[in-house]
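First up is the structure itself, then whatever we jot down about it.
Source: prediction; values computed, not measured. Proteins get letters first, then strands, A, B, ... in listed order; numbering begins at 1 in each.
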Amino acid sequence: MNATMIRTRKLTRHFVVKKEKVEAVRDLDLHIESGEMVALLGPNGAGKSTTLRMLTTLLSPTSGTAEVAGYDVTTNQRGVRGRIGYIGQGNGAAHSQRGRDELVSQGRAYGMSVAAARARAAELISSLDLEGVADRIVSSLSGGQRRRLDIAMGLIHAPDLLFLDEPSTGLDPQNRANLQEHIHRLHAEHGTTIVLTTHYLEEADHLAERVIVIDHGRVIADDTPARLKADHAGDRIMLTFDHEDDARRGVAHSLGIAAPAHVEQDGARVLIEADGGAQLTPKLLLSLDGAGITVNSVEVARPTLDDVFLKLTGRSLREDAAIATPQSAITTSQENAA
Amino acid sequence: MSTNLITDTATVFSRELRPVLRNPFSVIFTMVQPLFFLALFAPLLPDGAGDESTLQWFIPGIVVMSCLFGTSATGSNLLYEIQTGSHERMLVSPLSRPALIMGRALKEIVPMFAQAAIIVVVTIPFGFRLHLAGAIIGLLILSVFCLGLGALSYTLALASKNQEWMFWAVQQTLIFPLLLLAGMLLPLDGGPGWLRALSRFNPLTYVVDAERALFSGEIATAAVAGGVVAAVAVAVVGLLIGTRAMRRA
Ligand SMILES: Nc1ncnc2c1ncn2[C@@H]1O[C@H](COP(=O)(O)OP(=O)(O)OP(=O)(O)O)[C@@H](O)[C@H]1O
Ligand SMILES: [Mg+2]
């Protein structure tokens with residue numbers, strides 16, 4: 001399990017767009033071992049796809065080196081290509097073809113016999129729930145069905161190392177959960193090394209054992225989701241009082257009890273950021289009650305990777321996504337307060 | 001489990017061919033224009049409609065034209081696959097880069113044969129006389145030309161991946177001068193000197209001349225030798241620059 005799967009040294013890629021230099025990836029030093037499950041997380045344009053495209057030989061680095069599955073991505077591209085699977089942001093299966101045909105030709109491309117490719121295609125079609133549509137022309141499939149077909153295409157040769165660029169974009173929640181389950185099984189049962197990019201924080205949190213946060217082409221954090229959250233963001237306790245006055249007294253009181261890292265007031269609401277929020281909250285409520293300060297409602301939220309990102313960069317990854325969750329409500333109020 | 005240039009080419013070729021086999025009528029779509037030329041243009045030629053020698057002269061040109069229209073446009077399929085992402089998926093696979101271009105270009109030969117057969121079958125009732133051996137050799141030469149032209153069309157697609165209009169602009173701009181300068185629709189014999197001089201630089205001229213000789217049964221002629229040289233030259237150039245473009249894609 002300890003063999004190196006990916007190692008990059010000062011991997012860099014520039015683009016020149018209208019005479020302006022875009023530094024898509026800068027001095028990336030990455031070390032990923034065999035059997036790891038890694039998520040690259042970052043906002044649009046952070047350099048995630050560019051990184052994957054260099055690691056999969058689709059793009060040559062401007063400078064620096066990368067070794068993938070034991071081969072150098074510039075000097076032995078064929079070696080790399082034979083060992084990896086890649087599921088890009090687009091559709092792997094051509095729209096003018098039938099899904100099953102594309103799966104078989106994909107198997108052939110990786111050196112499988114026709115019989116083996118057919119058998120493997122049938123297996124993937126059933127496990128990705130594509131039976132009803134695999135023999136239809138790809139352009140007639142729904143976006144989610146196409147995405148599942150893409151996944152099947154990338155898995156046909158059961159690679160040791162699999163890259164996925166935003167695998168679940170465009171899937172409904174149920175299919176997203178299925179896909180995550182599939183990726184998880186692949187990792188758990190076959191020890192496949194997985195490197196994926198995602199915009200879904202929950203996905204990175206739930207799936208990855210290691211999250212690499214990228215911003216402006218650089219790695220700004222790299223750890224397990226739990227450690228990232230512990231190191232960069234505390235639990236969030238949101239107290240709502242009846243009056244702004246109560247809130248003000250509540251702030252003073254809370255500071256006395258918890259000596260929390262961070263307390264903020266926004267009108268009748270108080271946000272406390274601290275470790276061990278679940279244990280702290282009952283104490284806090286009792287003590288506030290004892291002091292005669294009435295708490296109207298309380299909400300405790302575990303930190304999310306978005307909180308981590310916000311801490312690290314001062315920006316939220318969420319933008320307009322998933323506004324309905326309580327975490328983002330707190331994030332929003334915190335942004336307003338800041 | 002091992003793959004090489006030949007198995008890779010076979011993989012790409014059969015993948016390309018599959019939609020054609022699944023939907024054979026697609027072969028006819030690119031033929032519509034040549035068939036119109038045949039029906040509406042042939043009667044205007046100097047010798048008048050139904051004349052045997054006119055048809056004998058005109059049909060080989062229409063066969064080449066039909067190949068020219070279909071094959072020069074084939075890059076648009078690749079362009080579409082570049083946009084939707086499936087070309088990227090093939091680039092990540094270990095398929096050899098020459099195979100990616102060769103397998104695709106070789107596929108063009110299949111509709112070319114089918115279209116030639118249709119044109120011949122349709123015109124025999126009107127008096128076209130088929131010299132089978134010559135015609136088969138003619139189509140083999142045309143196959144080599146097709147391979148090169150297909151590779152060039154794919155090269156154009158790779159070069160215009162960020163601006164689709166460029167593919168069609170270049171293809172449309174080149175196709176008619178090439179076609180007219182090859183004397184495909186009208187004989188150039190009576191044309192001005194500069195036109196005939198220009199046509200000598202058009203490889204298609206030699207291919208068309210060779211097809212005319214072969215379709216009327218003249219096999220061992222200088223025209224045929226010229227056609228072979230021109231077709232091979234187009235194929236070599238097409239595959240070389242096509243492979244280079246694919247390596248850089
Ligand atoms: N082919 C290209 N030509 C020019 N600029 C490019 C090219 N590919 C990427 N870039 C630029 O490089 C930067 C990084 O892009 P990249 O696609 O790697 O981002 P990303 O993290 O994958 O973003 P997203 O989440 O939107 O997929 C962006 O500024 C992008 O505009
Ligand atoms: Mg991307």
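The NE2 atom of His87(B) sits 9.0 Å away from the CG atom of Leu58(A) when rounded to the nearest 0.5 Å. Rounded to the nearest 0.5 angstrom, Arg81(A) CZ and Met90(B) CE are separated by 12.0 Å. Ser96(A) OG to Arg18(B) CZ: the interatomic distance, rounded to the nearest 0.5 Å, is 11.5 Å. Between Arg78(A) atom CZ and Arg97(B) atom CZ the span is 8.5 Å, to the nearest 0.5 Å. The distance from atom CG of Asn91(A) to atom CD of Glu81(B), rounded to the nearest 0.5 Å, is 11.5 Å. Atom OG1 of residue Thr56(A) and atom CG of residue Leu91(B) lie 10.0 Å apart, to the nearest 0.5 angstrom.
Considering only heavy-atom pairs separated by less than 4.5 Å from chain B, the leading option among Gly82(A), Ala116(A), Ala94(A), Gly90(A) is Ala94(A). The greatest number of non-hydrogen atom pairs below 4.5 Å with chain B, out of Gly154(A), Ser105(A), Gly92(A), is found for Gly92(A). Across Leu95(B), Val92(B), Thr11(B), the residue that shares the most heavy-atom pairs under 4.5 angstrom with chain A is Val92(B). When each of Gly85(B), Pro94(B), Ala10(B) is checked for heavy-atom pairs under 4.5 Å with chain A, Pro94(B) comes out on top. Chosen from Arg53(A), Glu102(A), Arg83(A), Gln77(A), the residue pairing most often with chain B at heavy-atom distances under 4.5 Å is Glu102(A). Between chain B and the options Gln89(A), Gln97(A), Arg108(A), heavy-atom pairs under 4.5 Å are most frequent for Gln97(A).
Both the backbone and the side chain of Ser96(B) come within less than 4.5 Å of a heavy atom in chain A. Heavy atoms closer than 4.5 Å to chain B are found in the side chain of Ile84(A), but not in its backbone.
Heavy atoms of other residues, nucleotides or ligands lying less than 6.0 angstrom from NE2 of His184(A) number 12 at most. Summarising the local packing, CZ of Phe13(B) is surrounded by more than 12 heavy atoms from other residues, nucleotides or ligands at distances under 6.0 Å. In the displayed structure, Arg244(B) atom CZ is contacted under 6.0 Å by at most 12 heavy atoms of other residues, nucleotides or ligands. Glu131(A) CD: more than 12 foreign heavy atoms inside a 6.0 Å radius. Shown here is Ile6(B), whose CD1 atom has no more than 12 heavy atoms of other residues, nucleotides or ligands within 6.0 Å.
Contact of the Arg22(B) side chain with the Ile137(A) side chain is not registered, since no non-hydrogen atoms from C-beta on lie closer than 4.5 Å.
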